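For reference, the structure discussed in these notes is given below.
This structure is a prediction, so every number in the text was calculated from the model and none was measured. The chains referred to below are lettered A, B, ... by the order of the sequence lines, with proteins before strands, and numbering in each begins at 1.
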2 protein chains.
Amino acid sequence: MSRPERVSGPTRERIAEAVRITGYTLNQAARSLRQRTARTILVALPDIGNTFFSTILDAIEREAALRGYGVLVVNRIAGDVSGRRLHEYFLSNRADGLLLLDGALALAPLLVLTQAPANVPLVMACEAIPDAPFHAVRTDNIYAAEVATRHLIGLGHRRIGHIQGPPGNVLTTERQTGFTNALAASGLTAQPEWILAGGFTMERGVAAAEQFMALRERPSAIFAANDEVAIGFLSGLRRHGLECPRDISVVGFDDLAVATHVWPPLTTMRQPREALGRLAAEALIDLIEGKPPSRVPKHTVLSSELIVRASTAPPPSVSTPLSAAS
Amino acid sequence: MSRPERVSGPTRERIAEAVRITGYTLNQAARSLRQRTARTILVALPDIGNTFFSTILDAIEREAALRGYGVLVVNRIAGDVSGRRLHEYFLSNRADGLLLLDGALALAPLLVLTQAPANVPLVMACEAIPDAPFHAVRTDNIYAAEVATRHLIGLGHRRIGHIQGPPGNVLTTERQTGFTNALAASGLTAQPEWILAGGFTMERGVAAAEQFMALRERPSAIFAANDEVAIGFLSGLRRHGLECPRDISVVGFDDLAVATHVWPPLTTMRQPREALGRLAAEALIDLIEGKPPSRVPKHTVLSSELIVRASTAPPPSVSTPLSAAS
DNA sequence: CAAAATCGTGCAATCGATTGCATTACATTC
DNA sequence: GAATGTAATGCAATCGATTGCACGATTTTG
C-alpha cells in the first residue's frame, strides 16, 4: 500500500478494486511498528485555553491534516520541567516530531530530545528559545514593539509605560527591549516604576491597573505585552473611573478577534497567526519527511502589523500631535 | 509490561532495574498492534479557535493525561459530511474512542461508527444530538435559557428579544425554547422580528446589531445565544450610539473569561466548562475500558449559573422594577 | 505421603504492513 | 538465437509487545 509505483497499472487497479469491495483500511499501528513512523505530530502548548494559541493550533491542525498527519496535543507543559511527558511520546513512537509553542521550557531536556540518539525533529513556533539550535517560525517581536511604541510617541506621548509579559518568557524580554529601544531613539526614557509587572492574562492586567493607580506620576500611554493583559488593564482602570483614550492610551499585541469588540477597540500589533501555524506545521513535516536537516537551524521571521483603533489618541495636554500621521 | 501482577515480587524488581539501566521504553506501536488499542482518544471540535471549546479541550486533555491517554484533535469537522475523516481514525486503529463536541454532524455516519462491527465508544459533550443513542455530558440549556430570560423579566423588561445561535445547532433550538417558555410563563410574547438571526461568533453579533437598529419597535432587552454573539452585538450597537445597559440590557451565555472585562461586564449564564470537559473525558475512558456499555445511553446533565453583572438593568421607562431582587 | 491445586516462568505464535531479495516474464541488444 | 537487462511479482523475515499454554516448582489438602 505504501509504494503503489512498485506494481503495474492493471495490478494496481485490481488492488484498488479489492480495497473497495472488502472495505479494507490500513492498520496504522502495524505500519507504525514496521516503518517506525506514526504520521502524527505532537503540539506542546503552554495554554490551549488562550485564544492566541488555539487559533494557531487551528492552522496547524489544518495543515497537518492536508499532509496526512494527525495532531496530538499536550497542554500546560510548563510544569513538566524534566520534559518527561514529551520524551515519552517519542520513546514510545507515538509521534514523529514536536511542534513547540512554549519558549519557557528548560533547554537541556530539549537538547537531549533533538540530538542523537533520539533525533526528534523539532520546530518552535512563536516563542523561540534564544540561541537554541532549533528551527523556528516566529515574528520580529523587538521590531514590532518598536513600531507600537513609536506609534505612541508619534501621537505626542512623552510619559510612556509598559506592562510586561510573564517573567522568564522570551517574548517578555523582546517586547520590552523594543519598547526601550524606541524610547531611546526618541531621546525618551521610562521611569522604572512605569514598567508594570504583568503577564499574558486578563487577571494580570487588572493587577497592573492597581499598580498603575498607585503611581505618583502616571504615564499618559502604555504599551502592553499582549492584548489579554491590555484588556484586563483597561477593565481595571475603568473601575477607577479612568477612561481610555481620554485619560490614557493603550496599545496591545496580537490582535485577538475580541480586540475590535472591546471598548474602546484596541490599537494593537497584529500577528499573522494563521501563517505562523501553517508555516510551522509545514516546516516540521518537511523536517520529518525530508533529508537530514541542515546543521544550521533556520528561523522564518514574519512581520507584525500595526492596527490603529480607538484605544490610542494624543495625550490630554497636547492638542496638536507632533507627527500623528506617521 | 502490561500485567506486572503475573510475575513475582523479586522478578518484578529485577525487571524494573533492567528498565532503569537500559532506558527501555515500551513501543506504543507494537502494543497497539497486538492489543488493538491506541491509548488515544479523538476529540472532534467545530472550532478550536473559540475560547469556549478550547477551555473544554484543556480539561479533556488534563483528564486524559491523568489516565494515560493521548489526545488527538480534529477541527472543523462540520465540513466532513460523510464522517470520512473520523472513520479513518478508527478504521486505522489510531484512536480508541471519540469525544464529539459538535452537535451539527449527520447522524447516519455516526450510527455506523458506533454500531457493530465498528463499535466505537462515543461520548458527546456540550452539544448532544437530540434523540441520538449516544452517551452525553451536557448542561440543561432550556432551563438555563429560562433563568436568563426570567432575570430580564424580573428587572421589569416586557419587550424582550433573542439573538439566535447558528441555524441547525441543537443549542440554538434549546436556548430559544427556554426563552419562549419563560416569556410564555409570564404571559409575554416576543414579536417575530425580535428574534434576530445570529450565530456563535462576534461577527454575527455585529450583524444582529444592524438588524436590531432597523427595527421599528425595539426590545428593551436581549437574550443572546452566547457570549461571543452578545459581545459583537454590544460592539455593533455602540457604533450607533446605543449604550448598554442604559438603552438596552443584554444577557449572554457561557461566561467566557473575557465577559468580565468587556464594557459593560456581561451578565451571563456560566457553564461549568471545566467539569464538562473532565466528566466527558472520564465517561469516554470508562466506556473504552469498561464492560460493554449499557444499552441505554446515559446523559449527565450539569447546571448553569446566572452571573449578574452590569449589562442588565431595569428598562429605561420603569423606575421601580417589579422583582429585581429575584 | 500422595494427589490436587496454585504459582511462577518460559516459549512460541500472533497482530498487519513493510522490506528486500529471489524469481519469473518479457523486452532489448548484439 | 543467445545474452543481457528491466519490470513485475512472490515470498519469507521483520518490527516489538502481548497472549495463552505448557511445564516445573511449591504449597495446600485429604
Item checked: Spacing of B:N93 atom CG relative to C:dA17 atom P, expressed in whole Å -> 10 Å
Margin query: Output the rounded distance in Å from CZ (A:R39) to P (C:dT18).
Written below: 11 Å
Next item on the list: Sequence neighbours left out, what passes side chain to side chain contact (heavy atoms under 4.5 Å, CB included) with B:R34? Give chain and number order.
Entry: none
Margin query: Please evaluate residues A:D58 and A:R273 with respect to the criterion salt bridge (charged side-chain N to carboxylate O under 4.0 Å, His left out), reporting the C-alpha separation (whole Å), side-chain torsions for both, the decisive distance (0.1 Å), and the verdict.
Written below: CA-CA 10 Å; A:D58 178 23; A:R273 285 176 289 167; over 6 Å; no
Next item on the list: Would you name the heavy atoms of B:F134 and B:M124 that are closest together and state the gap between them?
Entry: CD1-SD, 3.9 Å
Notebook entry, point to check: Measuring from A:C126:SG to A:L276:CG, what's the distance to the nearest 0.5 Å?
Noted result: 5.0 Å
Using the 3.5 Å cut-off, write out each protein N or O paired with an N or O of nucleotides 22-25 of chain D and the distance between them.
none

Next item on the list: Take atom CG of B:L33 and atom C1' of D:dT18, then tell me their distance rounded to the nearest Å.
Entry: 10 Å
Notebook entry, point to check: Rounding to a whole Å, what distance do you find between B:R34:CZ and C:dA12:C1'?
Noted result: 12 Å
Checklist line | Euclidean distance, B:I41 CD1 relative to B:L98 CG, rounded to 0.5 Å | finding: 9.0 Å
Next item on the list: Just jot down the side chain to side chain contact (heavy atoms under 4.5 Å, CB included) partners of A:A65, sequence neighbours excluded, or say none.
Entry: A:E61, B:R85
Note to self: Please report the distance, rounded to the nearest Å, between CD1 in A:I15 and P in D:dA8.
What the structure shows: 13 Å
For nucleotides 9-11 of chain C, print each protein N/O atom paired with a nucleotide N/O atom at under 3.5 Å, atom names and distance only.
unit_1	atom_1	unit_2	atom_2	d
C:dT9	OP1	B:S8	OG	3.2
C:dT9	OP1	B:T11	OG1	2.3
C:dT9	OP2	B:S8	N	3.0
C:dT9	OP2	B:T11	OG1	3.3
C:dG10	O6	B:R6	NH2	3.3

Check: Starting at CZ of A:R12 and ending at P of D:dA8, how long is that distance when rounded to a whole Å?
Finding: 9 Å
Notebook entry, point to check: Starting at the 5' end of DNA chain C, which residue's closest nucleotide do you reach first, B:E5 or B:Q35?
Noted result: B:E5
Notebook entry, point to check: For DNA chain C, what residues of residues 19-28 of chain A have any heavy atom nearer than 4.0 Å?
Noted result: A:Y24, A:T25, A:L26, A:N27
Margin query: Quick check for you: to the nearest 0.5 Å, what is the distance between B:E174 atom CD and B:T139 atom OG1?
Written below: 8.0 Å
Notebook entry, point to check: Are A:E17 and A:R20 within salt-bridge range, i.e. N to O under 4.0 Å?
Noted result: yes
Each nucleotide N or O in nucleotides 5-7 of chain C that has a protein N or O under 3.5 Å away: list the pair and distance.
none

Checklist line | N/O (side chain, B:R31) to phosphate O (OP1/OP2, D:dT18) under 4.0 Å | finding: yes
